[in-house]
Chemist: 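One structure is given below, represented as structure tokens, and several questions about it will come after.
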Amino acid sequence: MPPAPPLPPVTVVLDRHDDVLHTHTALAAHHPPSGRITLHPGPGTTSETGLAHDLLAALGKPPLLPGRFPGGRQPAWEAATAWMAALPVTRLTVLRAHRLTARRTMRLLQLQARTGIHLTLICHRPHLPAALHQAVRTADYSVTADFEAARRHYYGTPIAEPPSAEEPTGPASRWLTLPALDRLVSYDSPRACVAPCTPPPIAWRHRPPPVPLTAYTAQRVAHRLHAATAHPRLAAALATALFTGASLQQLATARPRDYDTAAATLALHDRARYTDGCAAYPVPPWASIFLRAATSFTRLLSGEDQELLAAPGDRAHLLRVAETARLRPPQPPTGRRKGPVGRVEWDWRERQEAEKYEAIPARRAKPSQR
């Protein structure tokens, strides 16, 4: 592999008189579509996890991750790092850096080391506090008290006006009914391959391929998934279901090595051939961010041999995220609903197929001829 490019030096801005102009300028530079994040840590907390939650919120995500985790520790920093690496974020500006503990500053430096972002720390004091000085001494850093120089760090060089946000129009409260989610709660039970497996491209012999999302629908789906959860694996699982039509059980067969970023394919496994067997699916560009984030998150948290996407035990959390994003499969007619109006019925397709089999009349035994 080619050597990683050198990290840009950390910039420490000295706002000697706590000038509101520095704060307003840094906040105005916040524009995630342009790759700029301004983090304003919440007051009254000194925890490292709290800072990670603030960072997730700055990325436009709910700060809490659903699910249970080893040791009861929520992997908020792993999630924030994964999203920062996957999204086109190049600059992180942190306000009120003089209030950071040495450990919280070290967390930010570790984040920079893993993502290569330009990190700017704004100290609203005439001198660096001891904790901040102790932490930045471990990195290559520079100090400036010049406002114009600081502004260039907030915005990057050259300073550009933020482009208009390309957010989809229309109320996000409306459901998006997506036939590709029909099989998400299917009762098939494929298992991951134990030995190395290089699946061929999907041939769609036993079921029709899901209809590709239009550019506009894909944009709406991506926007909703980003806002619905901070959990990279749950977001990636739903994105993958939409371009593969796979069930949760089959999604759980993917491992980080199954995502080929160069070929833009994702391998799902099915040794028993419940559907189309082991196969590699082309990944549409809109879904690649979610898979990159999930790959980074899984490697940071668990390594290569854990599920890349949601596991079967994550079913309730996965469906809750989908409903938060207002994504659902086609629903039964009002007269055939099993639950109250307004509740998503995820097993409607399965029930339809079961009813078809039950409707097949049993073959009558032929009378014996003697």
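Just so you know, residue 1 is the first one in the sequence shown, and it goes up from there. Here the structure is a predicted model, which means the values were calculated and not measured.
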Chemist: Nearest 0.5 Å please: distance from the OG1 atom of T38 over to the CG atom of L92.
Modeler: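 One finds 8.0 Å between OG1 of T38 and CG of L92.
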
Chemist: Considering only residues two or more places apart or on different chains, which pairs with a residue in residues 99-138 satisfy ring pair (Phe, Tyr, Trp, His ring centres under 6.0 Å)?
Modeler: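 Qualifying pairs, neighbours excluded: H98-H124.
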
Chemist: For the pair F297 and H231, evaluate ring pair (Phe, Tyr, Trp, His ring centres under 6.0 Å) and give the outcome as yes or no after the intermediate values.
Modeler: CA-CA 9 Å; F297 179 74; H231 201 307; 5.4 Å; yes

Chemist: Using the side chain to side chain donor-acceptor pair (under 3.5 Å) criterion, which residues pair with R114? Sequence neighbours excluded.
Modeler: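 Checked R114 against side chain to side chain donor-acceptor pair (under 3.5 Å); zero matches.
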
Chemist: For the residue pair W346 / E323, report whether a side-chain donor-acceptor contact shorter than 3.5 Å exists.
Modeler: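 Their side chains do contain a donor-acceptor pair, which is all the 3.5 Å distance test asks for.
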
Chemist: Enumerate, atom names and distances included, each donor-acceptor pair closer than 3.5 Å involving a side-chain atom of residues 52-60, sequence neighbours excluded.
Modeler:
residue, atom, partner, partner atom, Å
H53, NE2, Q74, OE1, 2.8
D54, OD2, G42, N, 2.9

Chemist: Please list every donor-acceptor pair under 3.5 Å in which a side-chain atom of residues 311-321 meets a protein atom from a residue at least two apart or in another chain.
Modeler:
residue, atom, partner, partner atom, Å
D314, OD2, A311, N, 2.9
H317, ND1, R320, NH1, 3.4

Chemist: Decide if atom CZ of R103 counts as having more than 12 heavy atoms of other residues, nucleotides or ligands within a radius under 6.0 Å.
Modeler: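 Counting neighbours around CZ of R103, 12 or fewer heavy atoms of other residues, nucleotides or ligands fall under 6.0 Å, so no.
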
Chemist: How long is the span from the OG1 atom in T138 to the CD atom in Q110, to the nearest 0.5 Å?
Modeler: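 If we round to the nearest 0.5 Å, T138:OG1 and Q110:CD are 9.0 Å apart.
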
Chemist: Could you tell me which residues satisfy ring-ring contact (aromatic ring centres under 6.0 Å, His included) with Y281, sequence neighbours excluded, listed by chain and number?
Modeler: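 For Y281 the ring-ring contact (aromatic ring centres under 6.0 Å, His included) partners, ignoring immediate neighbours, are W204.
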
Chemist: Under 4.5 Å side-chain heavy-atom separation, chaining through any Ile, Leu, Val, Met, Phe, Trp or Tyr, what else clusters with L21? Say none if it is isolated.
Modeler: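 Besides L21, the cluster holds F147.
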
Chemist: Answer yes or no on whether R137 is positioned over the face of Y141, meaning its NZ or CZ is under 6.0 Å from the six-membered ring centre and within 45° of the axis.
Modeler: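 Geometry flag: not set, cation outside 6.0 Å or 45°.
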
Chemist: Do any N or O atoms from the side chain of R36 and from the backbone of A29 form a donor-acceptor pair under 3.5 angstrom?
Modeler: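 Answer holds: yes.
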
